[in-house]
Amino acid sequence: MPLITDELIAQHNLTREEYQQIVTILGREPTLTELGMFSVMWSEHCSYKSSRVHLKKLPTTGPRVVQGPGENAGAVDIGGGLCLVFKMESHNHPSFIEPYQGAATGVGGILRDIFTMGARPIALLDSLRFGELHTAQNRRLMRGVVAGIAGYGNCMGVPTVGGEVVFNDIYSFNPLVNVMCLGLAEKDKLFRGTAAGIGNPVIYVGSKTGRDGIHGATMASDSFDDEAERKRPTVQVGDPFQEKLLLEACLEMMAAGLLTGIQDMGAAGLTSSSCEMASRAGTGIELELSRVPRREPHMTPYEVMLSESQERMLLVAKAGKEAECLAICRKWDVDVAVIGRVTDDGILRVLDHGAVVAEIPAKALAEEGPRYDRPFAPPAYQELLTNLNYDIIPDVKDANAALLSLLESPTIASKRWVYEQYDHMVQTNTVVRPGSDAAVLRIKGTDKAVAATIDCNSRYCLLNPYEGARIAVAEAARNLVCSGAEPIGLTDCLNFGNPERPDIMWQFVMAVEGLADACEALKIPVVSGNVSFYNETKGLSIYPTPMVGMVGLLDRADRAMTQWFKEEGDDIILLGTTREELGGSEYLKILHNREQGVPPFLSLEAERALHDCVLNLIREGQVQSAHDCSDGGVAVALAESCLSGPGRRLGATVRLTRGRLRKDAVLFGESQSRVLVSAKPAHRRAILDAAEAHAVPAAVIGTVGGDRLVISLADERSDDTVINLSLSTLYDRWACSLERLVNQA
Amino acid sequence: MNLGVVVFPGSNCDRDCQYVFRDILGQDVTMVWHKERSVAGLDAIVLPGGFSYGDYLRTGAIARFSPVMAAVKEFAEEGGIVLGICNGFQILLEAGLLPGAMLRNESLHFVCRDVCITVDNAATPFTCLCEPGQVLTIPIAHADGSYYADPVTVASLKANAQIVFRYCMPDGRVTREANPNGSLENIAGICNAAGNVLGMMPHPERCAESLLGHQDGRVILASLVESLVHQRLRKQELLSQLP
Amino acid sequence: MKAKIHVMLKQGILDPQGKAVEQALIALGFRNAANVRIGKYMELDLDEQDRARAEAEVKSMCEQLLANPIIEEYRFDLA
Amino acid sequence: MKAKIHVMLKQGILDPQGKAVEQALIALGFRNAANVRIGKYMELDLDEQDRARAEAEVKSMCEQLLANPIIEEYRFDLA
Ligand SMILES: Nc1ncnc2c1ncn2[C@@H]1O[C@H](COP(=O)(O)OP(=O)(O)O)[C@@H](O)[C@H]1O
Ligand SMILES: [Mg+2]
């Protein structure tokens, strides 16, 4: 029995106090295996020790909530006995070390979280952050991550229908790879990760266990430093074919009524799945490790308990159903073994050939880990970021050039190069494919559809984490609304730096409060989520990036709306108010190389009114297109509506009233709560009336048609054409830029 | 009609094919597990898209040894109608039911998008409702779709009108620009010499409803059903003429 | 016995992967690299002492599964 | 000079391809096949006469591009 030394404790990322807590719980010194189990379960990644006190502020209830946070994924009711199960997760650190496998196994993990619930996965979305593509390393990371997501998702037959890609050098040494998955289940047939029924068999299903990713969970709770090199062997290789078989086998066992509980073996593998299932049910579990299928010889109990080999599940079957479970697994050619049983003593007891190697109260491991209310305070530099004197920034001279620069900046440019590598049509539900404000998927056997999107402007969050988080929620909801969907649920993935730093913790606390307030105001419950801390390299933190994944519901799939113009002669109407707001804009970054200022103002009342108005217009068939104004402002939104359709591209002639505002603010400012719609002229009156009834400012700003985008700015004295570009010029810059940047030598 | 959709481990368009034939075209569909050894009672067989056996080693290479493939081969030899879509096409090539082989896309990337194909042969059971030269818009989704065969084989494909679909521009011109994967002769789909086995890379089942954008794939699937009806009538006629 | 099997695309068949790697090598500054070709390499253990039988068996594996004779050629060693 | 490069997954790293092929071989009746591992094989011409320099160059190619040192190992011959 090795002596637990201070060094060993430090290697396990446990503090002296945490270790003392372990000794108190056990009433003795832990064994090495026990120390390993505590260290992974009490890591930031698994225990949420720094975030839990704040996450409590998020609103998690609502009439549609079937399952809130606390399970493998959340679920909302979509009527007709069905529910939508969804969650988002990060795989940032593994993707930096090995982009293809890191991203691929990230997809594998979130898929398991969904089918664990008894839901068949119907869609994936991915939200990515990379450094700018001027370095070979950033290009390699991007190529690898996209290929990894494609490699796994495509093979699984789950369409990747949406997401985000944003570029900023702050992510060069810590890219973000967040993946969200949606699944569909019958509401009363949801499965949960509980080990109920004393004496029930505990069954291991899936890939054999190897020495993969041992300490993956603690790695995700640690920053990168030069020792990243040393940690490399922990990379895991994904096997999507195995996962596909596992998916089918699990769904078949669930449908046959053989199971009482099920959980994937994700971070912290067999340890987390077993102790969490027991803890939720208030039971214990006894495992015999010699029965665990293995890929490598001579694995120690420590390694078996901590392995993060992919594509594995832990099931609790109903007593007497073992044989049927085994038969289904054999049919699908997946490894399976009965490795333990449910006990009544609340203890996770691990045996190796009959000898006890670990004996820990399951609740202590899963729920009674340390909790920290870490100190937080705004950083001294915060004021420098937001103080921006606009007098020193000249107004735009050549608006044509400015628009083209924005359209070809990779954050705004078309993401076709990415989403064409993803199968986004398999399962034949994709009504709105990637390339519009939100993806829309019909629900077979009903008239309904669901929409999904991920959004976060992390520059806003840097400048003001509270406002930035509120805007992320508002923008996600607006994207759904523009697709004709009513927002019904939210999942988040909170990517931040080191929580032990008060400035980072301040960003986190502010962001969570922003999320909470926006969700409260827009009545959108948070049903699942994930926290990823320690996103920093050599002391440099990423921008605070609270990714918001949101789902919406359409009563009629055939009313799904898209962002592109449809017909010559249609009116173009701008809903919402344009203010002089350039702070944190893509325009300031691209044209003036500044990431500064105050993010745009957001009134959640105005936002709600806008949503009600737009949803009504779409439901009544009064608009032909709807597009949210975000990065790059109205000018970019107009260009996107001209260019992004699958058929013939349509131009537009637009006149914007400038008033006393700067030209660049009118064209490229990112004022919130604005939507661009196009409509047949016959509907103009009804639309303007509806807008007035909802107290939403509305202006007819132009007409669809021709093969140019022409924008003029008017004030009391003049009416100047400031943008006049052919669609082919615009298209070339916007559609081909990303591919050019990724493939540059 | 009773169509069999074969389910290999790793198939992932099997349910899409089931849905389109059953719910959109109103036919009976039987899901055929790859370990079955008989396809008795089926009027036609569909090998769906996906990643059978993960497509590890080569696409379709391992699936061709599934027990059901012997029965499929026999069914085809007796004139039964067999449609292989995407991975199904790759399996038919590996199994030798169609000539040639599939290479990695020239771009080396998986590609998922709409393309145009022209119907080069409108006289097959899969295209009988098409006009010759008709241009269809249809999605592709594959990483290994660059069709290859030696020059002799290609010549005989041409001579026998076995090239059924070719990638083309929206106006029907078959150009290099229209080729999404580097396929020889812009080949998107070929049939066997007898005409009863078709393999195609594009996915007709993904565009058979207007809700999904367009429904050009429907004419291919409906042709297949129409051909089965004719085949049955012909059989009945022959039977009635027997003494 | 251990079999070591090499499977390559036949000469004359376009190898876009080889070409891409070649271009990447040149971009990295390896200007004197040329004719890059990429194939598969497989190793397996064969529980068989008789060399002739082992050879026949591996040949049969290659022809049935490991290589596609339309586009690929193979060679193997036994040790 | 010609470089012949073998790239394999490191020992202990899951090799899904190898596993699938092994199962297929066994299903085909090659019951004495085991431990199938699949890797990459690359050939390239190097316009370089000096053996030591060539060796250094190929090593550098492998480390920078041809192999992924995190999960793969490589070896090469020059001829
Ligand atoms: N930021 C968050 N907001 C809401 N719920 C969260 C958040 N982070 C985590 N949760 C919830 O806490 C639970 C544990 O999350 P996690 O450990 O990521 O799950 P898993 O074990 O599947 O990785 C989940 O139910 C998750 O939905
Ligand atoms: Mg989970």
Side-chain angles (χ1 to χ4, degrees), chain C residues 1-11 15 17-50 53-68 72-79, chain D residues 1-11 15 17-50 53-68 72-79:
Chain C
M1 277 194 181
K2 196 174 201 80
K4 301 183 169 187
I5 306 159
H6 290 83
V7 177
M8 301 293 282
L9 283 176
K10 284 183 182 169
Q11 282 294 355
D15 175 10
Q17 221 184 333
K19 215 189 255 160
V21 168
E22 185 169 319
Q23 278 163 4
L25 283 174
I26 289 167
L28 279 174
F30 299 103
R31 286 177 209 289
N32 48 9
N35 300 324
V36 180
R37 297 179 63 219
I38 302 201
K40 278 176 246 176
Y41 172 69
M42 305 177 224
E43 282 180 4
L44 54 89
D45 294 337
L46 207 62
D47 184 11
E48 171 63 70
Q49 302 316 315
D50 183 288
R53 269 211 300 268
E55 210 149 295
E57 206 162 348
V58 175
K59 185 155 186 280
S60 162
M61 285 178 189
C62 288
E63 282 175 3
Q64 285 188 59
L65 178 69
L66 302 181
N68 180 338
E72 294 169 327
E73 53 199 17
Y74 66 86
R75 61 189 156 83
F76 62 88
D77 313 305
L78 287 170
Chain D
M1 278 194 180
K2 196 175 201 79
K4 301 183 170 188
I5 305 157
H6 289 84
V7 178
M8 300 294 281
L9 284 171
K10 285 184 184 165
Q11 276 302 350
D15 176 6
Q17 286 211 62
K19 198 172 64 179
V21 169
E22 180 169 321
Q23 278 166 4
L25 284 174
I26 289 168
L28 276 175
F30 299 102
R31 283 178 211 289
N32 47 11
N35 300 324
V36 180
R37 297 177 64 216
I38 301 200
K40 273 177 273 181
Y41 171 69
M42 302 173 230
E43 282 179 5
L44 54 90
D45 294 337
L46 208 61
D47 184 12
E48 170 63 69
Q49 301 316 315
D50 183 287
R53 268 210 300 269
E55 210 149 294
E57 205 160 352
V58 175
K59 184 157 186 276
S60 163
M61 286 179 190
C62 288
E63 281 173 6
Q64 285 187 57
L65 182 72
L66 304 181
N68 178 347
E72 293 170 331
E73 54 199 13
Y74 65 87
R75 63 190 155 81
F76 61 88
D77 312 306
L78 286 170

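To find a chain, count down the sequence lines: A is the first, B the second, and so on, and within it residues start at 1.
Counting heavy-atom pairs closer than 4.5 Å to chain C, the top-ranked of the candidates D/Leu25, D/Val7, D/Asn35, D/Ile38 is D/Asn35. Of the listed residues D/Arg37, D/Lys2, D/Met42, D/Arg31, the one with more heavy-atom pairs under 4.5 angstrom with chain C than any other is D/Arg37. Contact tally against chain C (heavy-atom pairs below 4.5 Å) for D/Glu48, D/Met61, D/Gln64, D/Lys40: the top residue is D/Met61. Heavy-atom pairs under 4.5 Å with chain C peak, among D/Leu44, D/Asp47, D/Leu66, D/Asp45, at D/Asp45. Across D/Val58, D/Val21, D/Val36, the residue that shares the most heavy-atom pairs under 4.5 angstrom with chain C is D/Val36. Contacts with chain C were tallied for D/Ala24, D/Ala3, D/Ser60; D/Ser60 has the most, counting heavy-atom pairs under 4.5 Å.
Other residues, nucleotides and ligands contribute over 12 non-hydrogen atoms within 6.0 Å of the NZ atom of C/Lys10.
Looking at C/Leu46, the atoms closer than 4.5 Å to chain D (heavy atoms on both sides) sit in the backbone and in the side chain alike. The part of D/Leu28 that comes within reach of chain C is its side chain, from C-beta onward, which places non-hydrogen atoms under 4.5 angstrom from that chain.
Here the closest non-hydrogen pair linking D/Ile26 and D/Ala33 is CD1-O, 4.0 Å. When every heavy atom of C/Tyr41 is checked against every heavy atom of C/His6, the shortest pair comes out as CD1-NE2, 3.4 Å.
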> Hey, mind stepping through C/Glu57 and C/Arg53 against salt bridge (Lys or Arg N to Asp or Glu O under 4.0 Å) and telling me if it holds?
Replying inline: CA-CA 6 Å; C/Glu57 206 162 348; C/Arg53 269 211 300 268; over 6 Å; no

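The main-chain N or O of C/Gly18 is never found under 3.5 Å from a side-chain atom of C/Glu22 such that the two would form a donor-acceptor pair. Under the 3.5 Å distance criterion, the side-chain polar atoms of C/Arg75 are left unmatched by any main-chain donor or acceptor of C/Met8.
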